[in-house]
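Counting from 1, the numbers follow the sequence of the chain as shown. Just so we're clear, the structure is a prediction, and the values are computed from it rather than from any experiment.
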Amino acid sequence: MKEKSERAIVNDLCAILFFSLGGAAAYLYGGGDWNKAMLVVTLFNFLYFMGTAFFVKTIFRERGNPKWEATARIYHVLILFVPLACGYPWMTLPFVVPLIRTFLLAGSKCVR
């Protein structure tokens, strides 16, 4: 079961990375260039949706599993520091609501 669970999160990671490249494509199509800003767009997309994968895991696939709940909470706290480290402090805002949602609802049985 552990191997299946780990494989599922790796599959999520690969899919999210692939689809995050759509943000890079949109950036290039909109007139952007291969630069740091394109990398940041891709990184922030990836981080946001990876957090969603952890949250969904705690609500549906691994409900009641304290390891996954702790992982989701720790992840959401740590990603708040990435925009600050990259020099985009305002980009912490899109990560605040998922952080609150994770702390309030991760592992909860009230979500359907």
Practice problem: Check whether Val97 and Leu80 end up in the same hydrophobic cluster, where Ile, Leu, Val, Met, Phe, Trp and Tyr are linked by side-chain heavy atoms less than 4.5 Å apart. | Solution: no

Quiz item: Can you say whether the rings of Trp68 and Phe54 are parallel (under 30°), tilted (30 to 60°) or perpendicular (over 60°)?
Solution: tilted

Quiz item: Nearest 0.5 Å, what's the CD1-CG distance between Ile79 and Leu43?
Solution: 10.0 Å

Quiz prompt | Which atom of Leu47 lies closest to which atom of Tyr75, heavy atoms considered | solution = O-OH, 2.9 Å

Acceptor/donor pairs from residues 28-36 side chains to any protein atom, 3.5 angstrom cut, sequence neighbours excluded:
residue: Asn35; atom: OD1; partner: Tyr27; partner atom: OH; Å: 3.3
residue: Asn35; atom: OD1; partner: Ala37; partner atom: N; Å: 3.2
residue: Asn35; atom: OD1; partner: Met38; partner atom: N; Å: 3.1
residue: Asn35; atom: ND2; partner: Tyr27; partner atom: OH; Å: 3.4

Quiz item: With the 4.5 Å side-chain cut-off for hydrophobic clustering, are Tyr88 and Tyr48 part of the same group?
Solution: yes

Quiz item: Is there a path of hydrophobic side-chain contacts, each under 4.5 Å between heavy atoms of I, L, V, M, F, W or Y residues, that connects Phe95 with Leu39?
Solution: no

Exercise. Check Phe44 against Pro83 and note the closest heavy-atom contact, atom names and distance.
Key: CZ-CA, 3.8 Å

Quiz item: Do Leu13 and Phe46 come close enough that some side-chain heavy atom pair is under 4.5 Å?
Solution: yes

Quiz item: Any side-chain heavy atom of Thr58 within less than 4.5 Å of one from Thr102?
Solution: no

Quiz item: Does one hydrophobic cluster hold both Ile100 and Val56, with members joined at side-chain heavy-atom distances below 4.5 Å?
Solution: yes

Exercise. Taking all non-hydrogen atoms of both residues into account, name the closest pair between Val41 and Ala24 and its distance.
Key: CG1-N, 4.4 Å

Quiz item: Are side-chain heavy atoms of Phe55 and Pro98 found at a separation under 4.5 Å?
Solution: no

Practice problem: Look at the side-chain heavy atoms of Ile, Leu, Val, Met, Phe, Trp and Tyr, link any pair under 4.5 Å apart, and say whether Leu84 and Ile74 land in one connected group. | Solution: no

Practice problem: Mind checking the CD-NZ spacing from Glu69 to Lys57? Nearest 0.5 Å is all I need. | Solution: 12.5 Å

Quiz item: Which distance, rounded to the nearest 0.5 Å, do you find between the CG of Leu99 and the CG of Leu104?
Solution: 9.0 Å

